[in-house]
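Below you'll find the structure, written out as structure tokens, and then a few comments.
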Amino acid sequence: KMENEKQKFLNLENFTMIENVNAKTFYNNFVKSAKTLNNKELVDIHSVNEYKTTKNYISKDGKSGFSITKSGDLISVFNSSNKRGFLKSIADIVKQNVKTLDCYKSKIQDLPTMYNKIFGFKIASVLDFNYDLLVELHGKEYTDNFIKLHGKAPVIFMVNTGKEVVTKHFNCNEYEKALEYRNSFC
């Protein structure tokens, strides 16, 4: 269990991160911080139970964090502190431990470009916006608000690889194919 692992403090540039944070603490800090984020509709909040199987990091002040799944997927990246440079400060950890990440191409924040420039991740596949899938995952109210703020933003599937990657486009009903293509580079 994550709760039994020893926490370790990582002194990074501008941030002190706590490694091996238990699921409940990570979840509570993320939910609280997400309410203050400009791109709150894009944040990837999972259930407390899902965070029990991931490696969770939060900043000493609890306003920044991220989680890495056992398969090496970067999830739930957030920074609600006033400090700049969060992604740069965690870049070494991410580059060493993360194989994949998924994000939306939003009008508010160009996450794919940020993840490419800072982490060196490459776009493997692009999945057209899928209204029904987003409703299934987050509900109709969330989905309608998402469209209002971000339009029909596609999902970008990225990989951390030294291989050459050819970006492939997928229609909204080809989620599994988009994932399979992304995973072919891992």
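If you read the sequence from its start, that first residue is 1, and numbering goes on from there.
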* **Qualifying residue, where the test is side-chain contact (heavy atoms from CB on, under 4.5 Å) with L74 and the options are L101, T100, T54, I93** =>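 Result for side-chain contact (heavy atoms from CB on, under 4.5 Å) with L74: L101.
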* To do: May I have the step-by-step check of side-chain contact (heavy atoms from CB on, under 4.5 Å) for I156 and L111, ending in yes or no?
  => CA-CA 9 Å; I156 310 297; L111 296 172; over 6 Å; no
Using distance only, find each side-chain donor-acceptor pair of residues 158-166 under 3.5 Å and give its atom names and separation, not counting sequence neighbours.
unit_1, atom_1, unit_2, atom_2, d
N160, ND2, K95, O, 3.0
N160, ND2, V98, O, 2.7
T161, OG1, K163, N, 3.0

Interatomic spacing from [atom1] in [X] to [atom2] in [Y] - rounded to 0.5 Å:
X   : Y   : atom1 : atom2 : result
Q96 : I68 : CD    : CD1   : 10.0 Å
F15 : S64 : CZ    : OG    : 4.5 Å
H46 : T53 : NE2   : OG1   : 10.0 Å
N14 : R84 : CG    : CZ    : 10.5 Å
S33 : D61 : OG    : CG    : 8.0 Å
S59 : L10 : OG    : CG    : 12.0 Å

* Asked: Taking atom types as modelled and ignoring hydrogens, do the side chains of D73 and S71 form a donor-acceptor contact shorter than 3.5 angstrom?
  -> no
* **N49 side chain to S47 side chain, donor-acceptor N/O pair below 3.5 angstrom** => no
* So with a 6.0 Å cut-off around NZ of K83, is the heavy-atom count from everything else above 12? -> yes
* Might you point out which heavy atoms bring F129 and A153 nearest each other, and give the distance in Å? =>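 Scanning both residues completely, I find the closest heavy atoms to be CD1-O, 3.5 Å.
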* Of all the heavy-atom pairs spanning M17 and L12, show the shortest one and how long it is. => CG-CD1, 3.4 Å
Any sub-3.5 Å donor-acceptor pair from [X]'s side-chain atoms to [Y]'s backbone N or O?
X    : Y    : result
T16  : N11  : no
T167 : I123 : yes
T25  : V21  : no

* To do: Could you give me the CA-CA distance, side-chain angles and deciding distance for C103 and F157, then say whether side-chain contact (heavy atoms from CB on, under 4.5 Å) is met?
  => CA-CA 7 Å; C103 59; F157 297 94; over 6 Å; no
* NZ/NE/NH1/NH2 to OD/OE distance under 4.0 Å, E19 and K55 ->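 K55 and E19: salt-bridged.
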* Hey, does the Lys NZ or Arg CZ of K24 hover above the aromatic six-ring of Y51, less than 6.0 Å from the centre and inside 45° of the axis? ->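 Here K24 fails the 6.0 Å and 45° test against Y51.
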* To do: Take F86 and S81, measure what side-chain contact (heavy atoms from CB on, under 4.5 Å) needs, and give me the verdict at the end.
  => CA-CA 9 Å; F86 176 65; S81 75; over 6 Å; no
* Asked: Would you call the rings of F66 and Y57 parallel, tilted or perpendicular, where under 30° means parallel and over 60° means perpendicular?
  -> parallel
* Asked: What do you reckon, are the aromatic ring centroids of F146 and Y104 less than 6.0 Å apart?
  ->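 They qualify: ring centres under 6.0 Å apart.
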* To do: Could you name each residue pair satisfying side-chain hydrogen bond (donor to acceptor under 3.5 Å, both in side chains) that touches residues 113-137, not counting sequence neighbours?
  => D110-T113, D128-H169, Y131-K140, Y131-D144
* Asked: Among pairs that include at least one residue of residues 170-186, which meet side-chain hydrogen bond (donor to acceptor under 3.5 Å, both in side chains), considering only residues two or more places apart or in two chains?
  -> D102-R182
* Is the shortest heavy-atom distance from the side chain of V94 to the side chain of F121 under 4.5 Å? ->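 Contact flag for V94/F121 side chains = yes.
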* Side chain to side chain, Y27 and N56, heavy atoms closer than 4.5 Å -> no
